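Notes for the one structure printed next.
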Amino acid sequence: MIVLGVDPSTVATGWGILEGNSRQARAVDWGVLKASSRKPLSERLHLIHSGLVDVLRQTPVDAIVLESAFLARNVKTAFALGQVRGVVLLASEQEGVASCEYSPLEIKRAAVGYGAADKQQVAHMMTRILGLKETPGPDEADALAAAWCHLTRVARPVVPGAAR
């Protein structure tokens, strides 16, 4: 299975592609789509959309994974993030790729074993789990963690109401 994880942001949208399963995963590629905060939001959304479409066309994937929406203290930021998520979902739909969402807590728990882990902990664990020679930046690491979360959930699907 090939999975594209996305860490949506209006300034630095991280992405990471994993191939394999939860027992043997390999990082195919990762990067960040940077958009200047000085640019209008519409231009940043266009850059993110076209960048993700390019990534999807270079490496066909089975699924796109991103963090589900969460409550933010700043309403303006929450709306902008929602628009970025919409652009990611649009690229997914346009390219015919299934999309999945996990909460930030689920993603961090899958990557680190602790739902309140910070970005450095996530980056460290992604480096170790995937055997990377270099530590990815925080945005890329979060994206790789989202993809990793999906690989672990596909291997062991969570059944609502089941005992853990």
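Everything numeric in this text was worked out from a predicted model, so none of it was measured.
Contact between A111 and A145 at its shortest, heavy atoms only, is CB-CB, 3.9 Å. Of all heavy-atom pairs spanning G115 and L105, the tightest one is CA-CD1, 3.6 Å. When all heavy atoms of L151 and A25 are compared, the closest pair comes out as CD1-CB, 3.9 Å. The heavy-atom pair separating V3 from M1 by the smallest distance is CG2-CG, 3.6 Å. Between G5 and A146, the shortest heavy-atom distance links the atoms CA-CB, 4.3 Å. Across every non-hydrogen atom of E106 and C149, the tightest pair is O-SG, 3.8 Å.
Taking OG1 of T135 as the start and CE of M125 as the end, the distance is 12.0 Å to the nearest 0.5 Å. Once rounded to the nearest 0.5 Å, the distance linking CD of E19 with CG of D62 reads 9.0 Å. Of the inter-residue distances, the one linking S36 atom OG with R44 atom CZ reads 7.5 Å to the nearest 0.5 angstrom. Distance check: H49 NE2 to D54 CG gives 10.0 Å after rounding to the nearest 0.5 Å. Going from atom NZ of K119 over to atom CG of D142 covers 3.5 Å, rounded to the nearest 0.5 Å.
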### Query
For E140 and M126, what are the C-alpha separation, side-chain angles and deciding distance, and is it a side chain to side chain contact (heavy atoms under 4.5 Å, CB included)?
CA-CA 10 Å; E140 297 99 324; M126 286 296 90; over 6 Å; no
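For residues 100-140, every residue pair satisfying the ring pair (Phe, Tyr, Trp, His ring centres under 6.0 Å) rule, not counting sequence neighbours, is listed here: Y102-H150.
Within the 4.5 Å cutoff, the side chain of E101 has no heavy atoms near those of the V65 side chain.
Counting only distance, with no hydrogens or angles, the side chain of K108 and the backbone of A116 share no donor-acceptor pair below 3.5 Å. No donor-acceptor distance shorter than 3.5 angstrom exists from the side chain of R26 to the backbone of G20, with no hydrogens or angles considered.
Annotation: Q120, atom CD; neighbour count of heavy atoms from other residues, nucleotides and ligands within 6.0 Å does not exceed 12. Around the CD atom of E43, the shell of radius 6.0 Å holds more than 12 heavy atoms that belong to other residues, nucleotides or ligands.
Here L132 pairs with A27, W30, T127, L130, P136, L144 under the side chain to side chain contact (heavy atoms under 4.5 Å, CB included) rule; sequence neighbours left out.
Electrostatic pairing of E67 and R85 does not count as a salt bridge here, judged by no charged N lying under 4.0 Å from a carboxylate O.
Cluster partners of L66, using a side-chain heavy-atom cutoff of under 4.5 Å among ILVMFWY residues and allowing indirect links, are I2, L4, V6, W15, I17, V28, L33, L41, L45, L47, I48, L52, V55, L56, V61, I64, V84, V87, V88, L89, V97.
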